[in-house]
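One structure is given here, and the rest of the page talks about it.
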Amino acid sequence: MSSLFPVIAKKMFFSLLCLSVVLCRIYTADGNSMREAKIFPPSPEIERGSTLKLFCTLGKHLIPRGNASHIIWKLNHDLIPQEYYTIINESTSGVTIHNFTYESAHVRCFTKMLHLGDEQLQIHINVKSGFSPEKPKNISCIYYYDINITCSWISGRETHLNTTYTLVRKHYDDGIQQWINRDSCQSNNGSCAFFFPDIPYARYCFQVTAKNALSNSTTECVPMEMLEIEKLEAPDIISVEKIAGIKQLLNITWKNPMVAPERRLCCLIQYRKMHSNDSGNVTDCTNRTETIKSYNLMGLQDFTEYAIAIQCKGALAKFWSEWSEERIGRTEEKAPSRKVDLWRVIESSQSSGNRYVHLMWKLLEEFPSSESIHGYKIWYIPENNASPAGPTHNTTDKKFTLLLPGEAYVLSVIAYNSAGESPEATLRIPTIGEITSTHIDSVWTFTLRKKMIVTWEASSVNEYVIECSGFTPGLTSRAFESFICYNISVYPLFENKIGAPYSVQAYFQEKPPTVGPETKADNPGKNEAIIKWNEIDKIHKNGFIRNYTIFYKSEGGKELNKTVNRNVLQYKLSSLEANTQYTAYVNAANSAGGKNGNTVTFKTSKFNKEDLLYIFISLGLCMLFLLLLGIICTLKKQTLKRVCWPDVPNPAESIVVGSEDVFMCNSLLKQGQSEDGTVGSENISVLEPGMPHENQTELLLIKHENYESDHTDTCAKDVPNDHKKELCNKEHEVVKSFSPSLPYIVTEQDFRSQMLSAVKPNRKIYPVEKLEEDFSKPQFSPVQNSSSKDNENEDGECTDIKEAATFNPYLKNSVNTREFIVPENLPDRNKNESRTQSTAPFQKNTAGQSYVTLDMFGLTIAH
């Protein structure tokens with residue numbers, strides 16, 4: 001294995017060597033091919049959007065293998081169409097490219113041989129396009145003392161081509177009265193400099209020329225004075241110190257910048273209070289006669305640190321030097337010169353008679369002011385000197401709290417530092433319950449330029465104290481905050497006494513409430529409901545509530561609203577629909593906007609109190625009426641029973657008419673009734689007096705046959721075929737059996753008299769026993785006159801029966817009674833005949849049945 005390694009390494013070495021030789025030949029051939037062709041112009045720079053023309057010329061050794069017709073052009077990687085080609089001669093081909101807008105592009109010349117079949121690159125160039133340079137503007141120069149002169153200008157638009165700027169400096173020759181070129185400098189941007197030492201003080205003018213491949217542009221020569229364009233180095237501050245015994249002063253010492261001795265020098269001193277933006281400056285101009293300069297800065301605040309910086313320039317120069325480095329110094333301390341501004345807030349008295357007095361103060365604004373306060377002293381004495389003076393308290397804060405009895409006291413506060421004390425500030429604390437007069441008529445506030453303005457009207461007062469306190473806990477900022485409610489009170493001052501205040505509330509800035517009012521619905525009625533809501537907390541109002549708006553709507557209805565004043569916390573909605581569900585909410589609005597509260601749902605009732613009262617009264621009256629009716633019915637039970645429910649026999653138990661017979665006979669007789677329920681005269685068979693029994697039977701049978709023929713078809717319509725015969729036979733039998741037994745035997749004269757006479761007939765009721773006797777006779781016989789005695793007996797009996805029957809009002813309609821209507825003018829003979837004539841006898845009635853009548857068939861005799 002180890003013997004094969006040298007062989008493999010040798011073969012790899014020869015392979016790499018052969019590959020290197022091939023690559024070198026290819027590179028040489030490509031290089032030769034590139035050198036054999038040329039493009040003219042070689043590196044063109046043209047104006048953006050113009051026409052580009054190029055020419056490609058092949059070398060002589062390529063002519064035998066190809067000519068100009070084999071040349072093709074490409075712009076970047078895109079083939080240019082042949083219509084833009086121009087054959088100049090056998091070896092030269094030209095191309096024209098219109099509206100060339102590329103900032104930079106490659107144009108390549110290829111040859112394509114038919115026998116080779118591929119393209120060969122002969123040469124390529126880079127073409128740029130751009131714009132002509134504009135004339136430079138605003139030439140300015142600065143002379144950095146003993147360093148250089150630097151000039152700058154505005155070049156104008158970008159050319160996108162290689163553009164050079166040449167700055168020419170000319171000096172004025174007084175002898176020939178013209179500008180003479182002194183020297184120049186070039187740059188590719190908007191500035192150029194001439195360096196020291198070739199910078200003598202002279203009068204110069206400066207001129208700039210811009211040039212590129214397209215064109216050039218030259219400015220006018222701008223004259224400048226060297227003393228005006230001079231800029232010095234920044235000065236160096238040596239010290240910033242206070243002077244003992246002199247207040248509000250700092251001594252500043254610095255080193256002036258290098259400048260010619262005869263130059264007048266001005267320096268600007270800037271002082272700034274540390275940790276503040278308050279600053280000031282002062283200018284000191286003197287002849288430069290010394291290198292070190294000193295200056296006393298006065299009018300500063302006591303015991304205050306200041307940052308000092310200085311810059312200088314020549315008296316005629318337009319440019320200041322850069323600022324020096326800042327140096328810090330502190331003024332000497334001074335005793336406070338003005339008393340503090342003192343105020344108090346008194347809490348309500350306690351049960352023990354003491355009260356807490358909260359003192360607060362601030363330093364009066366002054367300039368210069370003394371900020372070097374080491375602390376404050378507080379003490380108090382009784383106003384009437386009845387009690388000894390209280391102890392002296394020391395504090396470094398600007399507030400203090402005292403627990404004082406109910407008497408009147410005079411408080412004193414002074415500020416002090418190492419240099420002394422301020423004047424004493426005093427304040428009177430009134431006794432508990434002391435009544436003070438007020439002289440403030442009105443107070444109002446408004447905001448202006450991020451400040452709150454308080455104005456008031458008063459009389460006979462020269463001094464006032466304005467107290468401002470926020471309702472937000474922990475609010476201690478001196479600046480007003482937005483959306484906070486402030487209590488502003490104006491106190492009148494009378495020497496050392498304080499009058500009663502006039503207080504108002506104010507917002508520095510308002511916004512819509514943070515939360516809406518908490519809403520609830522109370523006592524919904526039939527057509528009304530009361531909406532109640534709570535007042536929003538002050539911390540969430542964010543402004544003065546101006547009004548409340550109640551929005552309410554029914555399910556699927558239109559939303560309605562009512563607006564009330566800010567002091568109203570409930571509202572009664574009226575004209576609501578009964579038994580309907582409503583939703584409601586309340587919107588609280590201030591000057592900046594409104595906020596909706598929670599939504600409540602309520603349902604109106606179906607009845608109101610008045611409706612329920614009417615219902616209860618009606619029910620009570622009904623119950624009272626029923627109670628009275630029950631009492632009456634209980635007391636008159638027997639009488640009502642006899643009148644309303646008489647003891648009427650049941651006709652269903654009669655042997656004469658069975659249930660089936662009643663049905664059939666009723667159906668038979670109803671055909672003879674008129675619409676009003678009476679029987680027409682044509683349906684009544686009148687048996688003449690003296691007519692033989694056979695004739696009477698024949699007449700009845702004829703009537704029955706006519707009826708049967710009329711009603712058999714009617715029965716057949718309602719009854720199946722197999723029952724028609726049976727039903728009609730039953731009708732025939734019933735009618736036949738009853739036809740000869742009809743008890744109405746009326747003479748022709750009597751019948752006619754009943755129909756035509758206006759005289760009301762007498763109604764007579766005959767007992768069953770009598771009827772049975774009459775009907776039990778074997779045959780119908782002519783009417784015979786009976787003895788008068790018998791007639792009188794019979795008349796007496798009938799009279800008794802009639803009188804007894806009149807007590808029952810149902811006898812006419814009862815199926816258990818029979819009513820005979822006999823005219824009063826009927827002769828006695830006819831009456832007897834009517835009582836004696838009879839057909840086949842009736843069967844005897846069941847036990848307990850007193851009367852038998854045929855009114856059940858619907859027969860009625862006209863009156």
Side-chain angles (χ1 to χ4, degrees), residues 343 345-348 358 360 438-459 461 464-492 498-522 530-552 559-573 583-600:
W343 189 241
V345 175
I346 304 174
E347 290 188 5
S348 301
H358 301 277
M360 59 194 73
T438 178
H439 293 266
I440 308 297
D441 298 328
S442 62
V443 176
W444 61 93
T445 64
F446 61 93
T447 58
L448 178 65
R449 298 177 181 177
K450 298 182 180 181
K451 293 183 179 180
M452 182 174 290
I453 309 300
V454 181
T455 59
W456 61 88
E457 292 181 356
S459 58
V461 181
Y464 304 89
V465 173
I466 302 175
E467 179 184 87
C468 180
S469 60
F471 285 100
T472 303
L475 182 64
T476 59
S477 175
R478 294 178 60 185
F480 285 100
E481 296 185 9
S482 301
F483 325 128
I484 300 299
C485 184
Y486 290 92
N487 187 20
I488 298 176
S489 302
V490 179
Y491 292 81
I498 302 174
Y502 193 107
S503 300
V504 296
Q505 294 181 357
Y507 282 87
F508 184 69
Q509 183 181 357
E510 296 187 11
K511 71 175 181 179
T514 306
V515 298
E518 185 178 353
T519 311
K520 64 179 180 179
D522 194 13
I530 298 177
I531 304 299
K532 297 182 179 180
W533 58 92
N534 297 331
E535 187 176 3
I536 302 174
D537 295 337
K538 288 184 180 294
I539 195 174
H540 295 136
K541 284 184 178 180
N542 301 328
F544 293 113
I545 299 299
R546 299 183 179 272
N547 55 60
Y548 295 97
T549 303
I550 302 97
F551 294 89
Y552 63 98
E559 186 175 66
L560 305 175
N561 63 82
K562 300 290 183 181
T563 301
V564 297
N565 294 330
R566 62 183 178 183
N567 56 347
V568 178
L569 295 179
Q570 67 177 24
Y571 186 80
K572 184 177 182 180
L573 300 177
T583 57
Y585 62 91
V586 179
N587 177 277
N590 56 26
S591 61
K595 180 67 175 181
N596 296 334
N598 62 301
T599 302
V600 296

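Taking CE of M452 as the reference point, atom CD of Q509 lies at 10.5 Å (rounded to 0.5 Å). Taking CD1 from I466 and OG1 from T445, the interatomic distance works out to 11.0 Å, rounded to the nearest 0.5 Å. Note: F508 CZ to Y486 OH = 8.5 Å, rounded to the nearest 0.5 Å. To the nearest 0.5 angstrom, I453 atom CD1 is 5.5 Å from L448 atom CG. Rounding to the nearest 0.5 Å places CD1 of I545 at 10.5 Å from NZ of K538.
Applying the side-chain hydrogen bond (donor to acceptor under 3.5 Å, both in side chains) test to T447 and every residue at least two apart in sequence or in another chain returns nothing. Legend: residues meeting side-chain hydrogen bond (donor to acceptor under 3.5 Å, both in side chains) with N598, ordered by chain and number and at least two apart, are absent. Shown here are the side chain to side chain contact (heavy atoms under 4.5 Å, CB included) partners of S348, two or more places apart in sequence or in another chain: there are none. With sequence neighbours excluded, the residues that form a ring-ring contact (aromatic ring centres under 6.0 Å, His included) with Y548 are W533. Applying the salt bridge (charged side-chain N to carboxylate O under 4.0 Å, His left out) test to D537 and every residue at least two apart in sequence or in another chain returns nothing. Taking the side-chain hydrogen bond (donor to acceptor under 3.5 Å, both in side chains) definition, one finds that T514 meets it with N542, sequence neighbours left out. Residues passing the side-chain hydrogen bond (donor to acceptor under 3.5 Å, both in side chains) test with W343 are E467, sequence neighbours excluded. Residues passing the salt bridge (charged side-chain N to carboxylate O under 4.0 Å, His left out) test with E518: none are found, sequence neighbours excluded. Under the salt bridge (charged side-chain N to carboxylate O under 4.0 Å, His left out) criterion, K572 pairs with E528, sequence neighbours left out.
E457 places a side-chain heavy atom less than 4.5 Å from the side chain of W444. At least one side-chain heavy atom of P492 sits under 4.5 Å from a side-chain heavy atom of I440.
The ring pair (Phe, Tyr, Trp, His ring centres under 6.0 Å) test with Y464 singles out one residue from W456, Y491, Y502, and that residue is W456.
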Give the C-alpha distance, both sets of side-chain angles, the deciding distance and a yes or no for side chain to side chain contact (heavy atoms under 4.5 Å, CB included) between Y552 and L573.
CA-CA 9 Å; Y552 63 98; L573 300 177; 3.6 Å; yes
Identify all side-chain donor-acceptor contacts of residues 559-571 below 3.5 Å with residues at least two apart in sequence or on another chain.
from: E559; atom 1: OE2; to: Y585; atom 2: OH; distance (Å): 3.3
from: T563; atom 1: OG1; to: T549; atom 2: OG1; distance (Å): 3.3

Pair up each side-chain donor or acceptor in residues 586-596 with any protein partner under 3.5 Å, not counting sequence neighbours, and list the distances.
from: N587; atom 1: ND2; to: N596; atom 2: OD1; distance (Å): 2.7
from: N590; atom 1: OD1; to: A592; atom 2: N; distance (Å): 3.0
from: N590; atom 1: OD1; to: G593; atom 2: N; distance (Å): 3.1
from: N590; atom 1: ND2; to: K511; atom 2: O; distance (Å): 2.8
from: N590; atom 1: ND2; to: K541; atom 2: O; distance (Å): 3.3
from: S591; atom 1: OG; to: E510; atom 2: OE1; distance (Å): 2.5

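Formation of a donor-acceptor pair under 3.5 Å by the T519 side chain with backbone atoms of P517 is found in this model.
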